[in-house]
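Here's the structure, in structure tokens; my notes come after.
Each chain gets a letter, A, B and so on, in the order the sequences are listed, and its residues count up from 1.
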There are 2 protein chains.
Amino acid sequence: MEVILDDTDIKILNLIQGNARISNADLAREVNMAPSAVLERVKKLEQKKVIKQYNAVINPVAVQQKLLAFIFIKSKEGFTCSTETANSLAAIPEVQEVHHIAGEDCFLVKVRTADSAGLMELMRNSLRKIPNILSTKTTIVLETVKEDHQLVIQQKNKTG
Amino acid sequence: MEVILDDTDIKILNLIQGNARISNADLAREVNMAPSAVLERVKKLEQKKVIKQYNAVINPVAVQQKLLAFIFIKSKEGFTCSTETANSLAAIPEVQEVHHIAGEDCFLVKVRTADSAGLMELMRNSLRKIPNILSTKTTIVLETVKEDHQLVIQQKNKTG
DNA sequence: TCTGAAACACAACATGA
DNA sequence: TCATGTTGTGTTTCAGA
């Protein structure tokens, strides 16, 4: 099912993606509509899964999650990269992202742990237990300059 | 400044990170406190930047952002990896993440575009304009199995 | 740092256009 | 799909412990 979004929807998405706790009343003021109409649109966007979730972004350092790493994983299935392996990776709480990628490796995984010892433990315990993993290649992040998951949502041309 | 979080704070963070729009009243019920006390804690967590932001997570496909890629970037400064280059990368709206990484390459960048043509355009226009970039190595994501930025926040032992 | 109370604002729903 | 109006609930502030 294709979702059709008009300019008002896009305006709402752009406002809400950077400030999920904006009140419906404020949202209504920003787009010059009645609150009830805006609420209806937001509910519809949630229902259609255009809005997937509302997250509070927490400073990892404040909660003792100081290490960030990307791990490239090669699996036995080679080209096929079974969803089973992918799901096993996804089930690890420290794993924030699992991507099936093009190229020699099968998966790219983003993990966050307290420190290098935590990463070691994760690799020894959680990863080792997943069958079909052939090899891993870990890239440690020294410093994160930007980490923002807001999308660039294009408004349609009003003259188009 | 070190931030001290007690178990109530951690409970609040765990609740709010998965549901940023939870009402303060519900939050208060969950932790068995008066709404005013919870509000005070949340405000403090925001002020201390433990909570950095409230985001709505938007389905990229619904807003025509179908391509996800990771780009490894080698820069002329080699080992130093100037913050200037990092900031130039961070300034590109399609760039969601910029990490300074250990190893041969300098930066790992996560980008989201409409399609491969959009990625091509980004590399030709935005990246080409940044001096000091020596080479890039792009990894295309075929399928994202998991993408969740919630942290694993550990509660302290009540018996400790 | 918490509770409790009180004023105000908002969310949510129904109705009708 | 939107505006208006009503009701119940939530937010926010303040005093006091």
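Proximity of A:Glu46 to A:Gln53: side-chain heavy atoms (C-beta onward) are nowhere separated by under 4.5 Å. Side-chain atoms of B:Ile140 and B:Phe70, non-hydrogen and from C-beta on, never get closer than 4.5 Å to each other. Side-chain contact between A:Thr138 and A:Met123 is present, with heavy atoms from C-beta onward closer than 4.5 Å.
For residues 122-136 of chain A, no pair satisfies salt bridge (Lys or Arg N to Asp or Glu O under 4.0 Å), with sequence neighbours left out.
Nucleic acid contact class of B:Lys43 (heavy atoms, under 4.0 Å, all strands): none.
In this structure, CD of A:Glu40 is placed 16 Å from P of C:dG16, rounded to the nearest angstrom. As rounded to whole Å, 14 Å separates atom P of D:dG10 from atom CG of B:Leu39. Look at CZ on A:Arg41: it is 18 Å from P on C:dA12, rounded to the nearest Å.
Minimum atom distance to the side chain of B:Ala37 is reached by C:dC2, of the listed D:dC2, C:dT1, C:dC2.
Taking for each of A:Pro35 and A:Lys44 the nucleotide of DNA chain D with the nearest heavy atom, the 5'-most of the two is the partner of A:Lys44.
Listed by residue number, the members of residues 18-34 of chain B with any heavy atom below 4.0 angstrom from DNA chain C are B:Met33, B:Ala34.
Under the 30°/60° scheme for interplanar angles, the aromatic rings of A:Phe107 and A:His100 are found to be tilted.
Of the possible donor and acceptor atoms, none in the side chain of B:Asp26 sits under 3.5 Å from a partner among the backbone N and O of B:Ile22.
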